[in-house]
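On a predicted model such as this, the values are computed, not experimentally measured, just so you know. Numbers for residues simply follow the sequence, beginning at 1.
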Amino acid sequence: MYEDPKAVLVRYLARAREAVLWKLDGLSEHDVRRPLTPTGTNLLGVVKHLAAMEAGYFGDCLGRPLPDLPDWYAALMDDTLEDNGDMWATADESRESILGLYGRASAHADEVLADLDLDATGTVSWWGEGGETVPVHVLLVHMIAETNRHAGQMDIVRELVDGATGMRAEAPNLPQQDEEWWAAHRQRLQETADRFR
């Protein structure tokens, strides 16, 4: 199970990707697009962003670009895309197209990772001087962290939509209590916080 370092890292990335995709399961088109934080965080937009990150780090940075990327990706890479333009799906972008792009970017990344050793290097131009010679293992760890960070955001957004939590439907990662228990728990936390006003 812990034999090959690259296999372990790839497995962790795969698990994080699964969590990301699960966050959209069973939700309406409206719910996957709704901005539920003051900065507009929405489920489908996070998937769009992660697709771009996989295409960038495991494609462009390693000299193996993913073909047939949408125009917004080129604008993102040359820094002409509107601010946060990769963090939401426009009305012309379907859920299927965003999920398809994420699937293609992930599969391409897996192929690239299968071909390269962890000490192979690439260039991350947006990292400045520190990005001139970046080992694949650093890119892989970075993408695991990036994906898990965004999966955590998605966990909160999904909980706001319908109460679903955790990395998978069968693993909510919370005590199995009823709504009354959770309401009392939240009230107790609120009362404790209010003591510090």
Side-chain angles (χ1 to χ4, degrees), residues 12-60 66 68-109 124 126-127 142-174 177 179 182-183 185-187 189-190 193-194 197:
Y12 271 83
L13 179 57
R15 293 295 296 273
R17 289 172 180 157
E18 290 169 9
V20 163
L21 293 174
W22 175 74
K23 293 301 173 189
L24 279 69
D25 277 1
L27 294 181
S28 70
E29 196 68 26
H30 176 256
D31 283 337
V32 300
R33 293 171 181 268
R34 277 199 296 161
L36 290 170
T37 70
T39 57
T41 303
N42 64 92
L43 297 169
L44 193 57
V46 172
V47 177
K48 180 179 175 179
H49 170 74
L50 287 171
M53 295 303 97
E54 293 241 8
Y57 285 113
F58 299 127
D60 297 342
L66 177 63
D68 303 319
L69 289 168
D71 292 341
W72 63 262
Y73 178 81
L76 176 68
M77 289 296 107
D78 67 18
D79 204 26
T80 60
L81 185 65
E82 67 175 276
D83 287 346
N84 251 21
D86 64 325
M87 293 294 291
W88 66 287
T90 67
D92 295 333
E93 294 173 316
S94 69
R95 176 195 295 207
E96 292 74 25
S97 71
I98 299 294
L99 292 176
L101 177 60
Y102 188 51
R104 285 193 316 111
S106 298
H108 180 75
V124 185
W126 54 92
W127 286 5
H142 179 82
M143 199 64 224
I144 291 166
E146 176 90 2
T147 304
N148 277 298
R149 180 174 73 87
H150 288 301
Q153 291 174 314
M154 294 175 80
D155 198 36
I156 292 167
V157 171
R158 178 68 190 253
E159 184 178 359
L160 292 170
V161 171
D162 69 356
T165 62
M167 292 188 68
R168 296 177 304 284
E170 67 277 6
N173 300 89
L174 289 172
Q177 298 291 344
E179 287 183 33
W182 283 111
H185 175 69
R186 188 178 184 290
Q187 181 61 36
L189 276 83
Q190 185 66 54
D194 290 346
R197 282 188 176 191

Assess the residue pair V46 and R149 against the criterion (side chain to side chain contact (heavy atoms under 4.5 Å, CB included)); give the C-alpha distance rounded to whole Å, side-chain angles, the decisive distance to 0.1 Å, and a yes or no.
CA-CA 11 Å; V46 172; R149 180 174 73 87; over 6 Å; no

Counting distance only, does the side-chain N/O of S97 pair as donor-acceptor with the main-chain N or O of S94 below 3.5 Å? yes

On a heavy-atom basis, the closest approach of F58 and A109 is CD1-CB, 3.4 Å

Residues 98-109 vs side-chain hydrogen bond (donor to acceptor under 3.5 Å, both in side chains), sequence neighbours excluded, gives R17-S106

Quick note, ring pair (Phe, Tyr, Trp, His ring centres under 6.0 Å) partners involving residues 148-170, not counting sequence neighbours, are H49-H150

**Item:** Verdict with reasoning, E93 to W72, per side-chain hydrogen bond (donor to acceptor under 3.5 Å, both in side chains)
**Value:** CA-CA 11 Å; E93 294 173 316; W72 63 262; 3.1 Å; yes

Verdict with supporting geometry, N42 and V157, side chain to side chain contact (heavy atoms under 4.5 Å, CB included) = CA-CA 7 Å; N42 64 92; V157 171; 5.9 Å; no

Taken in chain and number order and not counting sequence neighbours, the residues that satisfy side-chain hydrogen bond (donor to acceptor under 3.5 Å, both in side chains) with R33 are E29

Discussion item. Is there a side-chain contact between K48 and L101 in this structure, where contact means two heavy atoms from C-beta onward sitting under 4.5 Å apart?
Written reply: no

task: Please tell me if the side chains of L43 and R95 come closer than 4.5 Å, counting only heavy atoms from C-beta onward.
output: no

Please walk me through it: do H142 and V124 pass side chain to side chain contact (heavy atoms under 4.5 Å, CB included)?
-> CA-CA 12 Å; H142 179 82; V124 185; over 6 Å; no

Residues 18-27, side-chain donor-acceptor partners within the protein, below 3.5 Å, at least two apart:
residue : atom : partner : partner atom : Å
K23     : NZ   : D155    : OD1          : 2.5
K23     : NZ   : G166    : O            : 2.5

Rounded to the nearest 0.5 Å, the CD1 atom of I98 sits from the OG1 atom of T90 at a distance of 7.5 Å

For A105 and A55, the nearest pair of non-hydrogen atoms, with its separation, is CB-N, 4.2 Å

- Query: With side chains defined as the heavy atoms from C-beta onward, is the minimum distance between E54 and L13 less than 4.5 Å?
  - Reply: yes

The side chain to side chain contact (heavy atoms under 4.5 Å, CB included) partners of D78 (sequence neighbours excluded) come to A75, T80

| message | With heavy-atom distances below 4.5 Å as the criterion, would you say the side chains of Y73 and D68 are in contact? | response | no

Sequence neighbours excluded, the answer for side-chain hydrogen bond (donor to acceptor under 3.5 Å, both in side chains) partners of T37 is T39, T41

- Task: Mind running side chain to side chain contact (heavy atoms under 4.5 Å, CB included) on L66 and L69 for me, showing each step along the way?
- Result: CA-CA 7 Å; L66 177 63; L69 289 168; 3.5 Å; yes

task: Could you tell me whether the side chain of W126 reaches within less than 4.5 Å of the side chain of D79, counting heavy atoms only?
output: no

So CG of L189 and CG of D194: to nearest 0.5 Å the spacing works out to 10.5 Å

